Amino acid sequence: MMTNNDIAEIFKQIASALELLEANRFRINGYQRVSRVLKDLTEDIAGLVAEHPGSAVKQLTAIDGIGKGSAEKIVELVANGKMAEHQELMAQVPAGLFDILAIPGIGPKAATLMWKDLGIISVAELKEKLDSPELARLPRMGAKTIENIKKAIAFQEKAADRVPLGIARPIALRLQEELRQVPGVKRLEYAGSLRRGRETIGDLDFLAACDDPEAVRERFTSHPDVTQVLARGDTKSSVRLETGGAVLQADLRIVPEEVYGAALMYFTGSKEHNVRLREIAIKQNRRLNEYGLFDGTDERPQDRGDRPIAAADEAAIYAALGLPLIAPELREDRGELEGEPARLIELADIRAELHAHTIASDGKMTIDELAACALRHGYHTLAVTDHSKSSVIANGLDEERLLAHIEAVREANARIDDLEILAGAEVDILPDGRLDYDDEILARLDVVVASPHASLGQDPKTATERLLRAIRHPLVHILGHPTGRIINRREGLSPDMNALFAAAVEHDTALEVNANWRRLDLRDSHLRHALEAGCRIAIDTDTHREEQMDFLIYGILTARRAGLTAASCINTWPAEELHAWLKSKR
DNA sequence: GCCGTTTTCGGCCCGACTGTTTTCAGTCG
């Protein structure tokens, strides 16, 4: 069965092959857009084609970015497992060239030259020839360029994956704070995919407005964590840095304060969202760039002394375009420019933590320490949810220990004011969908979070049945980290998410957004679809140690990317409402 | 390749920086 990602990957390969064959730039863009749109799509394309073989092309062309040609190719691919155009291109372009194209600094022109003139068709071959005179004889291939390619390959070998949000954000906050200390800095903040709250970050983007650009530039490019300076221009600098176990690229853009908003929009992206906005501007006979929104469509109006209609702040620019302010997390060209945006959930809306561990299983805090932590966060409710007996590695509780633990929680609740401490458990969903405690035990718990921990390589059908059984269980409140994925490490389960969402609505079971940055599960795209289906959502940190309760921000960012409002999130409800809902399952 | 309140042709976002050039191509975001 072909997943959306598989299909998207095929279109991406077509685009790359066409780049190497020097095809029309806009045709390449077209394929790239199809690839991106497919990746973002929430419904399963293979399923859609299977269910509506006659109307699949029509349904696919209804999606923005997919035309008749691509729709037919998708149907061909799903039906036959292969696509003629793709296969023809793959026969023309050696597969290893895609890896060469992926090296930062090497584009289609350089890769094609190396291939056609020198027969280089893999990164290994390129590395062998880096010091050969024949490479240096290629046009535009001087000593510095070759040196940069060497460094880029070394960088890529170190920085194998995009950096998880939970690693990148603390680094960015630290760097942001350091750069703000430079005298004369008026404004300085991170933008880019980090500001949009993506689950992984490609590079860090900083924007500054200041009195002394050279001082900020100097602090940035000579920072002790910087391993290489890639660019150092008047308004833009770019570096590679190694810090906190991460290897990243970081860019700094310095602009006049009066155009800070326009630059922030530009630098926050996404690229695709920006393109949409610029297209809207053109339709209004205007021009939008990082220096502002201008009347007329002249090139570089900022250099002609034109005064922008709006430039200083984001809201004014959106307003001038006739648009509401779009939250950074939504700026992905996924339809955010249509309709009225809702007020998205915020960190301060959260009033309860419903998934947390103590020393009874694999946590580091006692019940009292956990409660103190919840009180510091201003919560009205805390659920203590230690692991169940099958999670042996996590020191899961058997029935006897669990009953004693429930007593300890009840005792703490009686002793501690201003916080309702609930007795719960994170109960393993066994591979066949049964739960790890019997109903008599589950009924004694105030909160049951049911989560998959083992057998995470199951086939989709088995996984769907397994999770459906847990969702339908009358004593389960929350489905914890539904897929069990670990970002950059483990795919996790690939169940039919639509089936899960429908069952969750029917049985009034909440779905968790696990805020631990290694999980973020549900992920943003799944959550978006869950909300369309009408699911209730829980955002919990799965806290094992004190500082992990601050992981909540990662769950909030992920939830905002899906358009979650406070009302749909049970952790925001007043105590009485939340407790009544929990009791409705008892 | 995609798209359409200039709709089936003719457009398609906009700018910064480097290195290799003698005025700009290639790459990136």
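Note that the coordinates shown come from a computational prediction; the quantities given were computed from them, not determined experimentally. Letters A, B, ... mirror the listed sequences (proteins, then strands); counts begin at 1.
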**OP:** Have a look at Ala111(A) and say if it touches a base, only the backbone sugar-phosphate, or nothing, with a 4.0 Å heavy-atom cut-off.
**Re:** nothing

**OP:** Apply side chain to side chain contact (heavy atoms under 4.5 Å, CB included) to Glu332(A) and list each qualifying residue two or more places apart in sequence or on a separate chain.
**Re:** Arg196(A), Arg198(A), Ser270(A), Arg334(A), Arg561(A)

Original post:
In whole Å, what separates the P atom of dC14(B) from that of dC9(B)?
Top reply: 26 Å

Original post:
Which pairs with one or both residues in residues 118-132 of chain A pass salt bridge (Lys or Arg N to Asp or Glu O under 4.0 Å), sequence neighbours excluded?
Top reply: Lys127(A)-Glu157(A), Lys129(A)-Glu134(A), Asp131(A)-Lys150(A)

Subject >> Qualifying residues under side chain to side chain contact (heavy atoms under 4.5 Å, CB included), relative to Asn5(A), sequence neighbours excluded >> reply: Thr3(A), Lys39(A)

Original post:
Taking the C1' atom of each, how far is dT21(B) from dA25(B), in whole Å?
Top reply: 9 Å

Subject >> Along DNA chain B, first and last positions that approach a heavy atom of chain A under 4.0 Å >> reply: dG1(B) to dG29(B)

Subject >> Whole-angstrom distance between dC13(B) and dC3(B), as gauged at atom P >> reply: 14 Å

Subject >> Sugar-phosphate only, base, or nothing, as touched by Phe26(A) at under 4.0 Å among non-hydrogen atoms >> reply: base

**OP:** Mind telling me whether Trp517(A) and Phe551(A) have parallel, tilted or perpendicular rings, with 30° and 60° as the class edges?
**Re:** perpendicular

Original post:
Under 4.0 angstrom, heavy atoms only, what part of the nucleic acid is Leu101(A) near: base, sugar-phosphate, or nothing?
Top reply: nothing

Original post:
Base, sugar-phosphate, or nothing for Ser238(A), non-hydrogen atoms under 4.0 angstrom?
Top reply: nothing

Original post:
Sequence neighbours excluded, which residues qualify as side chain to side chain contact (heavy atoms under 4.5 Å, CB included) partners of Ala250(A)?
Top reply: Leu204(A), Phe220(A), Val239(A), Leu241(A)

Original post:
Glu85(A) or Glu290(A): which one's nearest nucleotide on DNA chain B is closer to the 5' end?
Top reply: Glu85(A)

Original post:
Near DNA chain B, which residues from residues 223-237 of chain A have a heavy atom under 4.0 Å away?
Top reply: Leu230(A), Ala231(A), Arg232(A), Gly233(A), Asp234(A), Thr235(A), Lys236(A)

In residues 164-183 of chain A, what donor-acceptor pairs under 3.5 Å come from side-chain atoms, sequence neighbours left out?
from      : atom 1 : to        : atom 2 : distance (Å)
Arg174(A) : NH2    : Thr243(A) : OG1    : 3.0
Gln176(A) : OE1    : Tyr190(A) : N      : 3.0
Glu177(A) : OE2    : Gln181(A) : NE2    : 3.1
Glu178(A) : OE1    : His223(A) : NE2    : 2.7
Arg180(A) : NE     : Leu188(A) : O      : 2.8
Arg180(A) : NH2    : Leu188(A) : O      : 2.8
Gln181(A) : NE2    : Glu177(A) : O      : 3.3

Original post:
With rounding to whole Å, what would you report as the distance between dC17(B) and dT23(B) at their C1' atoms?
Top reply: 16 Å

Subject >> salt_bridge(Arg36(A), Asp333(A)) N-O dist < 4.0 Å >> reply: yes

Subject >> DNA chain B: 5'-proximal contact among Arg287(A) and Ser70(A) (nearest heavy atom) >> reply: Ser70(A)

Original post:
With both distances under 3.5 Å as the test, what is the Watson-Crick or G-U wobble partner of dT8(B)?
Top reply: none

Subject >> Sequence neighbours excluded - salt bridge (Lys or Arg N to Asp or Glu O under 4.0 Å) pairs with any residue from residues 311-325 of chain A >> reply: Arg195(A)-Glu314(A), Glu314(A)-Arg331(A)

**OP:** Keeping the roles fixed (side chain from Asn488(A), backbone from Val163(A)), state whether a donor-acceptor pair exists under 3.5 Å.
**Re:** no

In a table with atom names and distances, give each donor-acceptor pair under 3.5 Å that connects a side chain of residues 138-147 of chain A to protein atoms at least two apart or in another chain.
none

Subject >> Sugar-phosphate, base or nothing in reach of Asn289(A), heavy atoms under 4.0 Å >> reply: sugar-phosphate

**OP:** Quote, to the nearest angstrom, the P distance that separates dT20(B) from dG26(B).
**Re:** 14 Å

**OP:** Determine the contact category for Ile14(A): base if any of its heavy atoms lies under 4.0 Å from a base atom, sugar-phosphate if only primed atoms, P, OP1 or OP2 are that close, otherwise nothing.
**Re:** nothing

Subject >> Distance, C1' atom - from dG11(B) to dT7(B), rounded to whole angstrom >> reply: 12 Å

Subject >> Sub-4.0 Å heavy-atom contacts from residues 258-283 of chain A onto DNA chain B, ordered by number >> reply: Tyr266(A), Lys271(A), Val275(A), Arg278(A), Glu279(A), Ile282(A)

**OP:** Without swapping roles, check the side chain of Glu85(A) against the backbone of Lys73(A) for a donor-acceptor pair under 3.5 Å.
**Re:** no

Original post:
Given the P atoms of dT6(B) and dC2(B), what is the spacing between them in whole Å?
Top reply: 23 Å

Original post:
Heavy atoms under 4.0 Å, any strand shown: does Gln302(A) hit a base, just sugar-phosphate, or nothing?
Top reply: sugar-phosphate

Distance-only donor-acceptor hits, side chain of residues 88-105 of chain A, under 3.5 Å, sequence neighbours excluded:
none

Original post:
Which part of the nucleic acid, if any, lies within reach of Pro139(A) when heavy atoms closer than 4.0 Å are counted: base, sugar-phosphate only, or nothing?
Top reply: nothing

Original post:
Tell me the salt bridge (Lys or Arg N to Asp or Glu O under 4.0 Å) pairs involving residues 244-265 of chain A, sequence neighbours left out?
Top reply: Lys186(A)-Glu257(A), Arg253(A)-Glu290(A)

Original post:
Checking all strands, does Asp64(A) fall into the base, sugar-phosphate, or nothing category for heavy-atom contacts under 4.0 angstrom?
Top reply: sugar-phosphate

